[in-house]
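The structure appears below as structure tokens.
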Amino acid sequence: MTIRLAILPLLLALNFSMCKRNPSPTASSEPATSSPTPAEATAGGSPGPGVAGAASAPKITKPVVDQTAQTLIFCYHRLVDKIRYPGTEITPAAFEAEMKQLKDAGITVISLQDLLAWKRGEKNIPPRCAVITFDDGWKSQYEVAWPIMKKFGYPFTMFIYTEGVRGGSLGGGEAITWEQLADMRDNGVDIQAHTATHQDLREGHNIMLAAPGGKRTKTKLTGPQYEEWLQKEVVGCKQLLEQRLGIKVNCFAVPFGSYNEHVKEIARNAGYEAMFTVYGQPITFTSPNDSLGRYAIEANKPKVFVDAVKMIGTSSAGATAVAEVGATNLSTQPADGDTVRTALPLIKANLSGVGAIEPGSVQMRVSGLGVVPVSYDPKTGTVSYQVTQKLRENSCTVIVSAKSEGKKVEAHWTFGIDATAAGAPVAAPAKPAPTPKK
Ligand SMILES: [Zn+2]
């Protein structure tokens with residue numbers, strides 16, 4: 001049984017956007033790089049410095065992670081001076097202006113891998129973050145976007161569909177080359193999968209198949225033929241990227257965001273940790289990893305970017321980082337995982353190991369009751385509450401929070417209630433919740 005001690009900082013929001021691309025030829029290149037730049041270092045770092053320090057005494061067995069952080073994920077395609085396809089293009093000037101806006105808004109650009117590490121509880125991120133991704137593999141991502149990203153020191157991810165790389169059946173003159181991808185890889189750019197041929201992955205949808213002679217024919221696949229094709233798109237793409245570049249691929253951007261449960265299952269089985277769509281939304285700690293929405297930024301919809309930034313710009317900042325602390329550090333009663341024989345237990349926790357607590361800041365929440373009036377003894381560091389209304393469920397979760405040295409600290413634990421004995425108030429109201437201390 002462990003109790004989670006959380007230190008709460010602030011949060012951010014991240015959004016993901018989507019990318020789209022025509023199954024057409026060419027991908028061009030020019031990515032930007034992400035990589036461990038200063039920004040990233042700050043952002044993603046492990047148990048944030050602040051955090052670790054804040055937690056003073058208790059032994060933290062897991063990094064403290066701010067669960068209220070939010071991230072916006074953006075998706076870009078081609079960068080061109082003269083927009084011809086406003087649905088997938090943006091001018092370099094507009095792109096650079098947006099990168100600057102993130103900085104000006106105090107939004108930290110972090111790497112996609114740091115976002116995932118945060119969601120695994122392994123690494124903290126600043127309260128308000130953004131992840132930048134480029135789809136399809138266009139030459140302009142290498143030649144135009146990458147230098148801009150370097151200028152800002154921003155990390156980024158490239159989502160590549162393998163047949164769209166130069167030399168592939170869909171890779172024309174505007175496509176990025178394997179050599180350019182290798183250069184980006186060597187400089188810390190994250191390279192991830194976006195299928196083999198960039199098509200709707202759902203069974204029974206129209207797709208184009210390259211016939212032996214190079215001709216392309218429109219068809220619909222079902223049954224075993226579909227499954228075989230799907231494997232190539234989802235699994236084959238990952239294998240090819242990993243083999244050509246000697247990298248680990250754990251992210252999958254779904255073309256057009258068109259997938260379903262079966263496709264997800266195939267992707268999960270292939271070892272993808274996260275899947276991305278183009279339905280932009282701030283990414284939170286609990287956003288499901290198999291449908292992380294990205295904001296696709298296009299020349300004809302500048303408002304998408306502005307609105308996305310507003311989404312996390314206005315979100316509340318109080319956050320909650322959570323660290324696992326050995327249960328003994330709080331010596332709770334009932335203990336985490338224990339079962340009590342009364343529906344009216346006395347609930348206690350000792351916060352003395354947490355550091356200097358601001359007395360008025362101590363709060364207790366009890367599942368089924370909400371915030372309860374606790375009593376807190378600063379001398380012993382003990383916070384307690386005598387339940388006065390029967391707890392109705394057979395388990396009860398308690399969340400105790402307090403401020404310590406300006407940071408919010410939080411502990412959760414759960415105990416069971418034996419319903420058969422729950423009728424009588426066995427537990428003497430040892431301490432009828434006296435003063436509501438907040
Ligand atoms: Zn795409």
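The figures here come from the full heavy-atom set of this structure, side chains too, leaving out hydrogens, waters and symmetry mates. All residue numbers in this chain count up from 1 along the given sequence.
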Contact summary for Asn250 and Gln192, nearest pair of heavy atoms: N-OE1, 2.9 Å

Atom pair CD (Glu273) and CG (Asp290), whose distance is rounded to the nearest 0.5 Å: 12.0 Å

pair Val383-Met364: side-chain heavy atoms closer than 4.5 Å: yes

Value rounded to 0.5 Å, distance of OH in Tyr85 from NE2 in His77: 14.5 Å

Beyond-backbone contact of Cys251 with Thr157, side-chain heavy atoms, under 4.5 angstrom: no

Rounded distance [0.5 Å steps], CD in Gln199 versus NE2 in His205: 12.0 Å

Salt bridge (charged side-chain N to carboxylate O under 4.0 Å, His left out) partners of residues 351-373, not counting sequence neighbours, each pair once: none

Distance, nearest 0.5 Å, that separates CD1 of Ile417 from OG1 of Thr339: 9.0 Å

Cation over ring face, Lys100 and Phe152, 6.0 Å, 45°: no

Spatial distance of atom CZ (Phe256) from atom CZ (Arg202) [nearest 0.5 Å]: 10.5 Å

CZ on Phe415 to CD1 on Ile347, rounded to 0.5 Å: 4.0 Å

Heavy-atom donor-acceptor pair, Gln363 side chain to Ser401 backbone, under 3.5 Å: no

Sub-4.5 Å side-chain heavy-atom contact between Val372 and Val387: no

Exercise: identify the closest heavy-atom pair between Ser291 and Tyr259: CB-OH, 3.1 Å

Side chain to side chain contact (heavy atoms under 4.5 Å, CB included) evaluation trace for Ile90 with Leu79: CA-CA 5 Å; Ile90 187 169; Leu79 278 78; 4.0 Å; yes

Identified side-chain hydrogen bond (donor to acceptor under 3.5 Å, both in side chains) partner of Tyr76 from the options Glu89, Glu298, Glu98: Glu98

Any Leu391 side-chain heavy atom under 4.5 Å of Val366 side chain: yes

Identified salt bridge (Lys or Arg N to Asp or Glu O under 4.0 Å) counterpart of Asp114 within the set Arg120, Lys123, Lys119: Lys123

Whether Phe276 and Phe159 hold their rings parallel, tilted or perpendicular, with breakpoints at 30° and 60°: tilted

Steps toward side chain to side chain contact (heavy atoms under 4.5 Å, CB included) verdict (Leu115, Cys129): CA-CA 9 Å; Leu115 173 65; Cys129 295; over 6 Å; no

Tyr154 side chain to Ile132 backbone, donor-acceptor under 3.5 Å: no

4.5 Å side-chain heavy-atom contact, Met275 and Arg268: yes

Lys/Arg-Asp/Glu bridge criterion (N-O < 4.0 Å) met for Lys379, Asp377: no

For residues 239-248, which side-chain N or O atoms pair as donor and acceptor with protein atoms under 3.5 Å away, sequence neighbours left out?
unit_1	atom_1	unit_2	atom_2	d
Glu242	OE2	Lys238	NZ	2.9
Glu242	OE2	Val249	N	2.9

Distance-only side-chain donor-acceptor flag, Gln113 / Ser111, under 3.5 Å: no

Stepwise side chain to side chain contact (heavy atoms under 4.5 Å, CB included) test for Ile125 and Phe285: CA-CA 11 Å; Ile125 60 173; Phe285 192 72; over 6 Å; no

Under 3.5 Å: donor-acceptor pair, side chain of Asp336, backbone of Thr414: yes

Over all atoms of both residues, closest heavy-atom pair of Met149 and Pro155: CE-O, 3.6 Å

Taking every non-hydrogen atom, the tightest pair across Thr197 and Leu170: O-CD1, 3.7 Å

Within-4.5 Å side-chain heavy-atom neighbours: Pro255 and His194: yes

Residue pair Tyr272, Val234: steps toward the side chain to side chain contact (heavy atoms under 4.5 Å, CB included) verdict: CA-CA 9 Å; Tyr272 288 111; Val234 178; 3.6 Å; yes

Audit row: Glu261, Lys264, salt bridge (Lys or Arg N to Asp or Glu O under 4.0 Å) steps and yes/no: CA-CA 5 Å; Glu261 284 307 316; Lys264 284 184 189 178; 3.3 Å; yes

Closest non-hydrogen atom pair between Ala130 and Phe74, with its separation: CB-CE1, 4.0 Å

Side-chain heavy atoms of Leu351 within contact of Val400, under 4.5 Å: yes

For the student: nearest non-hydrogen atoms of Thr91 and Asp81, plus distance: CG2-O, 3.8 Å

Whether Tyr226 and His262 hold their rings parallel, tilted or perpendicular, with breakpoints at 30° and 60°: tilted

Residue Glu227 excluded, over 12 heavy atoms near CD under 6.0 Å: yes

